[in-house]
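Encoded as structure tokens, the structure appears first; notes follow it.
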Amino acid sequence: MSYNFKEIENKWREKWFSSDIYSAKDFDKRKKKYVLVEFPYPSGSGLHVGHAFSFTGGDVYARYQRMRGYNVLFPMGYDAFGLPTENYAIKVKRKPQEVTKENTAMFKDQMQKLGFSFDWNREVNTTDPGYYKWTQWIFIKLFEKGLAYKEEWPINWCPSCKIGLANEEVIDGKCERCGTQTQRRNISQWIVKITAYADRLIEGLKETAFIDKVKAAQINWIDRKEWIDITYPIDGVKETVTIATTRPDTNYGATFIVLAPEHELVEKLITGKINTSQDIKPIKEYVVKAKNKSELERQKEVTGRDKTGVFTGLYAVNHLTDMKMPIWITDFVLGTVGTGAVVGVPGHDIRDFEFAQQFKIPIIRVVVGKDGDTGEITKKEQVQEDEGTMINSGFLDGMDIRSATKRIMDYMEEKGWGKKTVRYHLRDWIFSRQHYWGEPIPMVHCEKCGWIPVPEDQLPIVLPEVEHYEPTDTGESPLAKIEEWVNTKCPNCGGDAKRETDTMPNWAGSDWYYVRYLDNKNDKAIADMDKMKYWLPVDIYIGGDEHNTLHLLYSRFIYQFLYDLGEVPTPEPYYQRISHGVILGSNNQRMSKSKGNVITPDEVADKVGVDAIRAYLMFIGPFEGTMAWNDNALMGVKRFTERLYKFFAENTATAGNKSSQEVNEILHRTTKYVTEGFEQFQYNTIVAKYMELLNFFEKTDPKNISKESYEIFIKLIAPIMPYLAEELWSIIGYEKTVHLEAWPEYNEQYLVSSVVEIPVQINGRLKGKITVVVDADEGQIKEVILKDENLGKLLESEQIRKIIYIKGKIANIIV
RNA sequence: GCCGAGAUGGCGGAAUAGGCAGACGCGAAGGACUUAAAAUCCUUUUCUCGAAAGGGAGUGGGGGUUCGAUUCCCCCUCUCGGCACCA
């Protein structure tokens, strides 16, 4: 009887998906469980082993909960807009629509092969107009509530790829793909005001059961801080400069001001609106050069390298000291942080110190650190940054820097010199992409009326199918060339108007997809409210660490916004979030084509069977961990599936009438372990328990194993090895699927044995073991120990001073 | 630099309300089957001294609490992941 996994898989896959056994029932009386895994981007290279890993993790959980009697929703879809498809389509001269269709079909086929119990009736695809109608609708709501606005914003531009790049895509000032020097360009873009929800996004975490690491990632990313914006008069001209700082406590030591090249004062200097004694030419040159660098490049290695900068000839006056502080321009100050101007306190900030040293600006000590040094600061090591006591600071002297910070903030506000404000590291969200393959932003620009949203009844604005969608030189979206699409009428006044030609970022479609699964064909709303009330929030969301900041934050924001509109029923979308680990190549490096270490789940499944690869993926290490692919270990798991099949095929027909106490004990112990393990995603040890159980069964006389015991074993493996379980279930004579059977209950009565083995230590060192009745007391224990051949001999010549006995656990004898 | 996670055999990893360290798998060694090999099965496998009985050491390093510490506390080193010179 050989284990023909191919045949088994084909047989059951067909049955499962034609009989719909995994579909979730709206409004069912059973308790609901919404299990969500991040939907994939359907790339042309097919399902990655990383997908197989995380989806198996989710599938196992969904299958387990289904057997526990929950009405489980475990849906799947595609996040299919995006650059890789667009680029590929351009390269092979095909339509992204077609390429996407092929890729999603391939993904679905691969996912079904791997036995994932997705409810395919609920499939969504972000590129489907019926879907993105509602992505567009959400954007319009954002606009109506003043949370979307259009503004010029600098982007990194690659003149060769003709594309705007994210900061992360610019390496050393060069385009990541082609190596061309990037430029900075200001492009008018749609911005979504996520910062308006910054506090809510922190607060809302209390409603969730995210693991701490995820909560921390969210809070750190938002990074809320109290600032004060201080406005200084500029000597000799009718201008002021406003700097932003979180450390006004050191303001007695402020000796200079630095402006970002983008700062409005710089603009005024260059255009001659402000007179200065300094030569304008070098200022202009510096500014032009700086503006072409990416933010990343400007901030890279700010400390420890020579500073660049140019003096404006202007001086700001320090309110506290009346010192005339020279105003410089430098590129490490960013226009997009704070007010784009910083006050320099060289005694207490390494960057400021290096700048002051280089340009011979005075350095004043205003904080004393632990070392007690009150002298002049001449070396980098003396710069006291985060702690200490104030000196040379008037009324702040003697205060701890933290209380000094509070005190001076209040003082400056009273005096009218500064204004307290809360700022976040989180920035507003640039929502425009100058690309074809994305959701069109449903806005119309009219000369008379300005930006007007497309009326709801005209949604969706369908992405027109065109011949050419290459990006353009101008930085405009390719859609801009399609005149018959661009030219339209203003919904407001009926006059000539033009459509927005930018498309939305990838995140837009993935922000709310889990809502659409609940009602994927609804034409009247994002989803039916009653269905949402039944299913939301998502009970558990399984995803990668890389999405613990941006995707999670964006989607929580959009959901909170929808909640405020009364469109969704709960304040938070996800109750629990856990992050799955990463599978590296066998050389312990990330899988990539160039390293030649890519594992394709399909191929592996062909070789060893789906159940083996699933069990292997779960067994390889902790679900959250990072682990390397190992072919040998895979073969070990394959052997296990073969042994399991063989054991059942050969023995179940002659099952005993009753299981022995021993069999019952290990079986129920395993059931308890596996049950608790599934709740906590301890998949690797669950597989180990399966192996232990089989090892034990193989050594047991088959007469002592009943049919009921075999059934329990099959149910236990069903979530991880669904095909094998189904086959074994039919081998023992059942026709219905095992996957809707009730999860086995363990019986406590089998778990308590009457006797127990107690390890015995002498002076904390293990010396032997004794077997006693479970509730033996200390006296009985002592008796048994002294009678024990070895232990008795060891204790003969010793004086027992104390016996520590932990019931059922251990005995320690102190001599 | 900050935040988070972690360090256990030859390897992946088990075990923490403090109680037999190394489950399970891989690898390795020996054996059975075979003309032989593969596959399969059996045995051994933390290191070390010892022929054995048995002893000693041992969870990154150092200290502490405890009858007892991989687990708790303090200090240090290193590794991985995320953010990154945010004023």
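Residue numbers begin at 1 in each chain, while the letters A, B, ... track the order of the sequences.
Base pairing annotation: B:rG1 forms a Watson-Crick or G-U wobble pair with B:rC83, both donor-acceptor distances under 3.5 Å. Under the Watson-Crick and G-U wobble criteria, each requiring two contacts below 3.5 Å, nucleotide B:rG6 is paired to B:rC78. Nucleotide B:rU34 forms a pair with no other nucleotide shown, judged by Watson-Crick or G-U wobble geometry with both contacts under 3.5 Å. With a cut-off of 3.5 Å on both Watson-Crick or G-U wobble distances, the partner of B:rU66 is given as none. Remark: B:rG25 base-pairs with B:rC11; criterion is Watson-Crick or G-U wobble with both hydrogen-bond distances under 3.5 Å.
With sequence neighbours excluded, the residues that form a salt bridge (charged side-chain N to carboxylate O under 4.0 Å, His left out) with A:Glu679 are A:Arg68. A search for side-chain hydrogen bond (donor to acceptor under 3.5 Å, both in side chains) contacts involving A:Arg590 returns nothing, not counting sequence neighbours. Remark: A:Glu665 pairs with A:Arg669 by the salt bridge (charged side-chain N to carboxylate O under 4.0 Å, His left out) rule, at least two apart or across chains. Partners of A:Asp249 under the side-chain hydrogen bond (donor to acceptor under 3.5 Å, both in side chains) rule, at least two apart in sequence or in another chain, are A:Arg247, A:Thr405. Partners of A:Lys767 under the side-chain hydrogen bond (donor to acceptor under 3.5 Å, both in side chains) rule, at least two apart in sequence or in another chain, do not exist in this structure. In terms of the side-chain hydrogen bond (donor to acceptor under 3.5 Å, both in side chains) criterion, residue partners of A:Glu698 (sequence neighbours excluded) are, by chain and number, A:Arg643. Contacts of A:Phe311 classified as ring-ring contact (aromatic ring centres under 6.0 Å, His included), with partners at least two apart in sequence or in another chain: A:Tyr315, A:Trp328.
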**Prompt:** Reading nucleotides 18-30 of chain B from the 5' end, what letters show protein touch, with B for base, S for backbone sugar-phosphate only, - for no heavy atom under 4.0 Å?
**Reply:** -BB--BBSSS---
**Item:** Contact state string [nucleotides 2-7 of chain B, B base, S sugar-phosphate only, - no protein heavy atom under 4.0 Å]
**Value:** -SS---
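Contact between the side-chain N/O atoms of A:Thr626 and the OP1/OP2 oxygens of B:rC80 is not found at any separation under 4.0 Å. OP1 or OP2 of B:rG55 sits under 4.0 Å from a side-chain N or O of A:Lys767.
Atom CD1 of A:Ile230 and atom P of B:rA87 are 14 Å apart (whole Å). The NZ atom of A:Lys699 sits 12 Å away from the P atom of B:rC41 (whole-angstrom rounding). In this structure, A:Arg427 atom CZ and B:rC86 atom C1' are separated by 8 Å, rounded to whole Å. To the nearest angstrom, C1' of B:rC80 lies 14 Å from CE of A:Met627. For A:Arg590 and B:rC80, the CZ to C1' distance is 11 Å, given to the nearest whole Å. Between A:Leu426 atom CG and B:rA84 atom C1' the separation is 16 Å, expressed in whole Å. Across the protein-nucleic acid pair, A:Lys225 atom NZ and B:rC86 atom C1' stand 6 Å apart, rounded to whole Å. One atom, CZ of A:Phe353, and another, C1' of B:rA87, lie 17 Å apart when rounded to the nearest Å.
A:Val582 comes within contact range of no nucleotide atom at all, as no heavy-atom separation falls under 4.0 Å. Residue A:Phe640 is out of contact with every strand shown, counting any heavy-atom pair closer than 4.0 Å. Among the heavy atoms of the strands lying under 4.0 Å from A:Leu334 is at least one base atom, whether or not backbone atoms are also near.
Comparing A:Gln682 and A:Ala628, the nucleotide of RNA chain B nearest to each residue sits closer to the 5' end for A:Ala628. Comparing A:Asp223 and A:Asn763 by the nucleotide of RNA chain B that holds the closest heavy atom to each, the one mapping nearer the 5' end is A:Asn763.
Aromatic ring pairs are classed by plane angle as parallel below 30°, tilted from 30° to 60° and perpendicular above 60°; the pair A:Phe53 and A:Phe623 is tilted.
Counting only residues at least two apart or on different chains, the salt bridge (charged side-chain N to carboxylate O under 4.0 Å, His left out) pairs with a member in residues 543-557 of chain A are A:Lys213-A:Asp545, A:Arg556-A:Glu572. Among residue pairs with one or both ends in residues 209-229 of chain A, those qualifying as ring-ring contact (aromatic ring centres under 6.0 Å, His included) are A:Trp221-A:His425; sequence neighbours excluded.
Between the C1' atoms of B:rC20 and B:rU71, the separation comes to 15 Å (whole Å). Spacing of P atoms, B:rA7 relative to B:rC72, comes out at 11 Å, to the nearest Å. When the C1' atom is compared between B:rU70 and B:rU8, the two are found 7 Å apart, to the nearest whole Å. For the P atoms, the distance from B:rA53 to B:rG62 is 31 Å, rounded to whole Å. On the P atoms, B:rU16 is 25 Å away from B:rU66, given to the nearest whole Å. Atom C1' of B:rG55 sits at a distance of 33 Å from the matching atom of B:rC76, rounded to the whole Å. Taking atom C1' in both B:rG27 and B:rU77, one finds a spacing of 30 Å when rounded to whole Å. Distance check on atom P: B:rG19 versus B:rA69 gives 11 Å, rounded to whole Å.
Remark: of the listed residues A:Ile377, A:Val367, A:Asp349, A:Val367 is the sole one forming a side chain to side chain contact (heavy atoms under 4.5 Å, CB included) with A:Gln384.
Residues from residues 544-555 of chain A placing a heavy atom under 4.0 Å of any atom in RNA chain B do not occur.
Salt bridge A:Arg423/A:Asp229: present, at least one basic N to carboxylate O contact under 4.0 Å. A salt bridge links A:Glu692 and A:Lys689; the closest N-O separation between the charged side-chain nitrogens and carboxylate oxygens is under 4.0 Å.
For B:rG9, the base adopts the syn conformation, since its glycosidic angle falls within 90 degrees of zero.
Between the side chain of A:Gln780 and the main chain of A:Asp777, a donor-acceptor pair closer than 3.5 Å is present.
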